[in-house]
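This report refers to the structure that appears directly beneath it.
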Amino acid sequence: MSGKSNDPQATPVDVVIMAAGKGTRMKSRLPKVLHRLAGRALVQHVVDTAAALSARQVTVITGHGADEVEAALNANRSGEFELGFVRQEPQLGTGHAVQQTVPVLRDDGIVVVLSGDVPLTQADTLQQLIAACDGSRLALLTIDFADPTGYGRIVRTDAAVQAIVEQKDATTEQLGITEVYSGIMAVPAAQLKRWLARIDNHNAQGEYYLTQIVAFAVADGVPVVAHKITDACQVAGVNNPVQLAELERAYQQRLAVQLMEQGVRLADPARLDVRGSLHCAQDVSIDVNCVFEGEVSLGEGVRVGANCVISNASIAAGAVIHPFTHIEGGRPGSKDEVEVGAGALIGPFARLRPGARLGAEVHIGNFVEVKNATLAKGAKANHLAYLGDATVGERVNFGAGSITANYDGAFKHRTIIEADVHIGSNCVLIAPMTVGAGGTVGGGSTLTKDTPPLALTVARARQISIPKWKRPSK
Ligand code: UD1
Ligand code: MG
């Protein structure tokens with residue numbers, strides 16, 4: 001890399017993202033660039049890569065589905081850079097697309113041209129491309145393909161790049177060239193603007209090709225450099241659901257390797273899906289078919305069993321999440337996030353919903369649902385239960401089949417179960433109510449009033465037996 005590009009005073013980077021195309025082959029109502037890869041829209045990946053380059057300005061060229069694309073990107077605005085949009089109607093080619101950005105592009109930057117449907121380009125690759133441009137050259141990202149069909153070919157005389165020739169305009173000899181243009185370039189803004197003004201559509205497709213500027217650079221004596229890479233994933237575009245699934249796997253594979261390099265034990269790196277960010281402390285192990293969404297953190301020694309889905313949750317050291325557990329926390333940092341305390345045991349078949357906050361050594365067993373409820377240290381609900389809008393004290397034991405009835409049809413009410421309470425099986429605690437500390441509630445009780453501490457409370461029909469009862473008979 002040149003000294004210049006490492007310098008904080010180096011030429012500013014302005015990113016242009018082409019995202020006006022229709023994406024017919026996705027066969028979807030959703031604009032192509034809004035299809036999701038690892039839980040994020042394709043074009044969002046590209047915008048996030050631009051952020052990683054410390055771009056000054058990011059301009060997205062929209063056309064098909066423009067309103068939707070702009071709304072989706074606006075919803076994730078970060079403020080780290082200027083995010084703007086220009087519309088391209090109709091779509092007359094990549095050169096015409098970039099022409100639309102001329103009024104908003106400043107003259108002193110390096111413009112990096114990216115595509116909204118090429119999600120996996122890495123920031124360090126683009127840094128190298130920017131360094132190759134160095135504020136004065138036209139730098140093209142290229143790659144060798146055994147089958148270059150469909151791509152623009154890099155035409156060289158001796159070593160020097162002369163032009164990019166599109167598939168439909170290429171001679172038989174040029175069709176044999178295997179080095180192709182990736183669709184990504186870095187170019188000084190002022191020159192780009194001059195060249196864009198000269199693009200014509202006198203070619204086989206009658207389109208304005210951005211790639212025509214290479215010949216203009218050569219004619220103007222501006223050096224053209226090709227930065228050739230070998231990792232095809234980084235330049236692969238999404239045109240159909242098959243390619244989308246392929247890139248999803250490539251992304252997940254890359255992420256699984258990163259996690260294993262940090263020491264995470266994955267039962268099978270091919271059976272992990274992370275749609276967001278997963279932070280793991282030391283000695284975490286994850287069994288097969290787990291899905292992590294949003295922001296999830298797993299503390300030291302956490303074990304996650306097979307087939308768990310975990311969204312927006314922080315799970316403290318030593319907790320065990322048994323198979324088939326579903327944890328669905330709300331927005332990261334909000335009261336709806338889910339917390340699982342140190343050494344807690346969750347599942348199998350448990351469901352933790354938004355606002356479930358479990359202290360250390362809490363046990364939540366099979367078919368137990370917890371929503372907007374806090375359970376203090378050592379509390380247990382091991383079988384078939386519902387704890388919604390509840391505050392549960394330390395060491396409480398909540399019996400099988402018992403529930404908090406939190407909803408009266410209009411409003412939600414809270415149930416408070418103080419420390420050391422024992423709730424029997426099949427109880428209904430009709431909120432609002434408080435079960436006093438150390439109390440016991442007999443199985444089958446339906447409670448509508450507060451109970452005093454340390455008492456046994458039973459609220460059910462008394463058991464009677466009628467001797468020698470004769471069953472009706474015909
Ligand atoms: C382009 C390049 C080709 C390169 C290939 C790499 C040109 C003329 N050719 O070809 O050299 O090998 O990419 O994939 O640039 N778009 C718009 N508006 C338009 C046309 C396209 O926004 O009017 C967007 C598309 O949505 C897409 C990107 O630009 O994101 C590239 O367009 P595409 O039609 O795929 O270009 P290719 O013909 O494949
Ligand atoms: Mg294409």
Side-chain angles (χ1 to χ4, degrees), residues 15-26 28 30-35 41-47 49 59-66 68-70 85-101 112-121 138 140-145 147-155 161-170 174-175 177-185 187 192 195-196 199-216 224 226 228-229 232-240 243-244 247:
V15 171
V16 162
I17 302 174
M18 295 185 290
K22 188 163 183 194
T24 314
R25 283 172 285 164
M26 289 303 292
S28 167
L30 192 66
K32 174 166 80 173
V33 297
L34 292 187
H35 281 269
L42 293 171
V43 67
Q44 187 67 55
H45 282 266
V46 184
V47 170
T49 304
T59 306
V60 184
I61 304 161
T62 59
H64 281 284
E68 264 181 278
V69 173
E70 292 171 17
F85 303 96
V86 296
R87 298 239 175 150
Q88 186 202 15
E89 314 267 12
Q91 285 88 39
L92 303 179
T94 52
H96 178 252
V98 178
Q99 277 170 353
Q100 312 310 307
T101 68
V112 177
V113 178
L114 303 174
S115 287
D117 59 358
V118 179
L120 300 189
T121 318
L138 171 55
L140 307 172
L141 190 66
T142 71
I143 187 164
D144 274 315
F145 279 153
D147 177 9
T149 309
Y151 290 90
R153 308 299 205 281
I154 303 295
V155 178
V161 176
Q162 297 298 324
I164 297 174
V165 176
E166 296 302 316
Q167 169 90 20
K168 288 186 178 147
D169 302 292
Q174 287 167 338
L175 289 175
I177 298 171
T178 54
E179 186 185 7
V180 303
Y181 172 53
S182 65
I184 294 172
M185 64 169 69
V187 47
L192 173 66
W195 295 329
L196 285 171
I199 291 177
D200 63 49
N201 64 352
H202 305 148
N203 53 55
Q205 300 185 84
E207 279 182 20
Y208 294 88
Y209 292 161
L210 178 61
T211 46
Q212 197 182 2
I213 73 168
V214 177
F216 299 150
V224 180
K228 201 196 278 192
I229 61 167
C233 278
Q234 292 199 44
V235 298
V238 172
N239 295 303
N240 58 47
Q243 289 169 340
L244 180 60
L247 287 194

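Predicted, not measured: the structure shown is a model, and the values here were computed from it. Every number for a ligand or one of its atoms is a count from 1 in the order of the listing.
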Short N or O distance, G150 and ligand 1, threshold 3.5 Å exclusive
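N/O-N/O distance below 3.5 Å does not exist for this pair.
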
Short N or O distance, E166 and ligand 1, threshold 3.5 Å exclusive
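Yes, at least one N or O pair falls under 3.5 Å.
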
Have a look at Y208, F145, Y181 and point out the one with the heavy atom closest to atom 5 (C) of ligand 1.
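Closest candidate by heavy-atom distance is Y181.
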
Euclidean distance, Q205 CD relative to Q167 CD, rounded to 0.5 Å:
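Between atom CD of Q167 and atom CD of Q205 there are 9.5 Å.
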
D117 touching ligand 1 at heavy-atom level, < 4.0 angstrom:
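Under 4.0 Å: yes for D117.
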
At a 4.0 Å cut-off, with the gap strictly under it, does some heavy atom of G93 reach an atom of ligand 1?
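Contact present.
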
Can you list everything that forms a salt bridge (charged side-chain N to carboxylate O under 4.0 Å, His left out) with E70? Sequence neighbours excluded, please.
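Salt bridge (charged side-chain N to carboxylate O under 4.0 Å, His left out) check on E70 returns R87.
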
With a cut-off of 4.0 Å, which atoms of ligand 1 are near a heavy atom of [X]?
X    : result
T94  : 7 (C), 8 (C), 15 (O), 20 (C), 21 (C), 29 (O), 31 (C), 32 (O)
S115 : 28 (C), 30 (O)
Y209 : 8 (C)
Q91  : 18 (N), 19 (C), 23 (O)

Minimum-distance pair of heavy atoms, taken over all atoms of G93 and E207
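Taking every non-hydrogen atom into account, CA-OE1, 3.8 Å.
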
Work out which heavy atom in L120 is nearest to a heavy atom in C233; give both atom names and the distance.
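Reported closest heavy-atom pair: CB-O, 3.7 Å.
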
Would you please name every residue forming a side chain to side chain contact (heavy atoms under 4.5 Å, CB included) with V118, sequence neighbours left out?
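Only S115, T121 meet the side chain to side chain contact (heavy atoms under 4.5 Å, CB included) criterion with V118.
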
